[in-house]
Amino acid sequence: MHSTFKTAALIAAIATLTGAVQAISKVTRSGRYLYNEDGSRFYIKGIAYQEQGIVVQSDDNNFGEPSSFIDPLALPDACARDLPFLQELGVNAIRVYSVNSSLNHDACMTAFSNAGIYTIIDLALPLNGSIDRLVPSWTTSLLDQYLTTIDVFSKYDNVLAFNIGNEVVVNNGTAVAPYVKSAARDVKAYLKSKSSSVLVGYAAINGPSTFRDPLANYLSCDLAGANSDATAIDLFGLND
């Protein structure tokens, strides 16, 4: 579910919070847990941060996918407006469903970093910019789209994770899961080539444990049995 914030603009917050502050801690995964640089456990307390795009209802849009989106990280006034409320809630991470890699995100990303707020960035885009649930494929053009977004956001220190998919696998459509696994493999390889420790995640639709648990296990396992994380996601989220 997308979240919309409707509060008065507080543009001064950006100027205040982009001053010199302590760098945000790098978060890493070891086993099943996340850790700060000092070795303490890191727990995500997050919120979905994106205004709902336009949804055109049709017979081939059963999931209510938007046909457009608004990139919230390219709106400095809105970020400044919302930041005090996120801090009041104690939020330490926001998830953004779609971003426009051609826009400038410096003001918002810097303000959130200075406030100790991480971002989870989805790499997929509405319509043709994601793995199709019904006719799945993992193409070089889709990979290039993902990598372009990674390149744009790699300069920011508060990217916690890149999500490779959102509710791609559904209860009666598990044949698409290997394509998600392929996306995880290629994105992780690219991040490794850039010496990046950013995590790789997947957001799943909720369902019975007979569906949910095997999917989580499959996406986080090493199919070769070599105990490697080269094809494994780091974060498994549930949309509920």
Side-chain angles (χ1 to χ4, degrees), residues 18 20-44 46 71 73-74 92-125 129-131 138-166 179-203 219-237:
T18 53
V21 295
Q22 184 175 0
I24 195 168
S25 175
K26 183 170 68 174
V27 176
T28 56
R29 177 181 67 86
S30 179
R32 299 174 56 188
Y33 304 109
L34 303 180
Y35 294 91
N36 292 298
E37 286 181 297
D38 63 4
S40 61
R41 288 278 299 278
F42 177 81
Y43 299 90
I44 296 173
D71 183 346
L73 297 179
N92 67 2
I94 57 173
R95 179 191 174 191
V96 179
Y97 288 78
S98 303
V99 293
N100 185 338
S101 59
S102 68
L103 300 179
N104 188 293
H105 305 90
D106 291 350
C108 287
M109 291 296 290
T110 301
F112 287 137
S113 175
N114 290 345
I117 296 177
Y118 297 86
T119 56
I120 299 174
I121 308 292
D122 281 39
L123 299 174
L125 296 174
S130 60
I131 300 172
W138 176 241
T139 64
T140 54
S141 60
L142 188 53
L143 173 60
D144 287 343
Q145 172 196 300
Y146 280 27
L147 300 189
T148 297
T149 299
I150 291 173
D151 286 342
V152 167
F153 281 86
S154 63
K155 64 179 179 179
Y156 303 119
D157 63 0
N158 59 328
V159 177
L160 177 65
F162 290 114
N163 273 349
I164 55 173
N166 179 64
Y179 297 91
V180 179
K181 195 78 168 172
S182 295
R185 175 200 63 208
D186 293 345
V187 167
K188 295 202 80 170
Y190 188 68
L191 290 170
K192 184 177 180 179
S193 74
K194 295 174 68 70
S195 300
S196 172
S197 61
V198 174
L199 306 174
V200 173
Y202 172 78
L219 293 179
S220 60
C221 77
D222 173 23
L223 297 178
N227 198 30
S228 167
D229 66 352
T231 65
I233 61 169
D234 301 298
L235 300 178
F236 183 80

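Just so you know, these numbers use all the heavy atoms, side chains as well, and skip hydrogens, waters and symmetry mates.
For the atom pair Arg95 CZ and Ile120 CD1, the distance stands at 8.0 Å (nearest 0.5 Å). The CG atom of Leu143 lies 10.0 Å from the CG atom of Leu123; values are rounded to the nearest 0.5 Å. The CD atom of Glu37 lies 10.0 Å from the CD1 atom of Ile24; values are rounded to the nearest 0.5 Å. For the atom pair Leu34 CG and Asp234 CG, the distance stands at 8.5 Å (nearest 0.5 Å). Rounding to the nearest 0.5 angstrom, the gap separating the CG atom in Asn163 from the OG atom in Ser98 is 11.0 Å. Rounded to the nearest 0.5 Å, atoms CG (Leu142) and OG (Ser130) are 7.0 Å apart.
The two residues Ala232 and Cys221 have their closest heavy-atom pair at CB-O, 3.9 Å. The two atoms that bring Ile131 and Ala183 nearest to each other are CD1-CB, 4.3 Å, heavy atoms only. Taking every heavy atom of both residues into account, Ile117 and Asn158 meet most closely at O-ND2, 3.1 Å. Val187 approaches Val200 most closely through the heavy-atom pair CG1-CG2, 3.9 Å.
Side-chain contact between Ile121 and Val198: absent, with no pair of heavy atoms (C-beta onward) separated by less than 4.5 Å. Using a 4.5 Å heavy-atom threshold, the side chains of Trp138 and Asp186 count as touching. Between Leu73 and Phe112 the shortest side-chain heavy-atom distance falls below 4.5 Å. Between His105 and Val96, every side-chain heavy-atom pair lies at or beyond the 4.5 Å cut-off.
Scored by the side chain to side chain donor-acceptor pair (under 3.5 Å) test, Asn100 finds Ser102 as partners (sequence neighbours excluded). By the ring pair (Phe, Tyr, Trp, His ring centres under 6.0 Å) test, Tyr179 pairs with no residue at all, sequence neighbours left out.
Judged purely by atom type and a 3.5 angstrom limit, Asp122 has no side-chain atom pairing as donor or acceptor with the backbone of Ala124. When atom types are taken as modelled, the side chain of Thr110 and the backbone of Asp106 share a donor-acceptor pair closer than 3.5 angstrom. Listed for the Arg29 side chain is a donor-acceptor partner under 3.5 Å among the backbone atoms of Gly31. Between the side chain of Lys188 and the main chain of Asp229, a donor-acceptor pair closer than 3.5 Å is present. Under a 3.5 Å cut-off, the side chain of Asp222 and the backbone N or O of Ala230 do not form any donor-acceptor pair.
For the side chain to side chain donor-acceptor pair (under 3.5 Å) condition, the pairs that include at least one residue of residues 141-150, sequence neighbours left out, are Thr139-Ser141.
Below 30°, between 30° and 60°, or above 60°: for Tyr118 and Phe42 the angle between ring planes is above 60°, a perpendicular geometry.
Residue-environment remark: NZ (Lys26) stays at or below the threshold of 12 foreign heavy atoms within 6.0 Å.
Taking the six-membered ring wherever Trp is involved, the centroid distance between the rings of Phe162 and Tyr190 does not fall below 6.0 Å.
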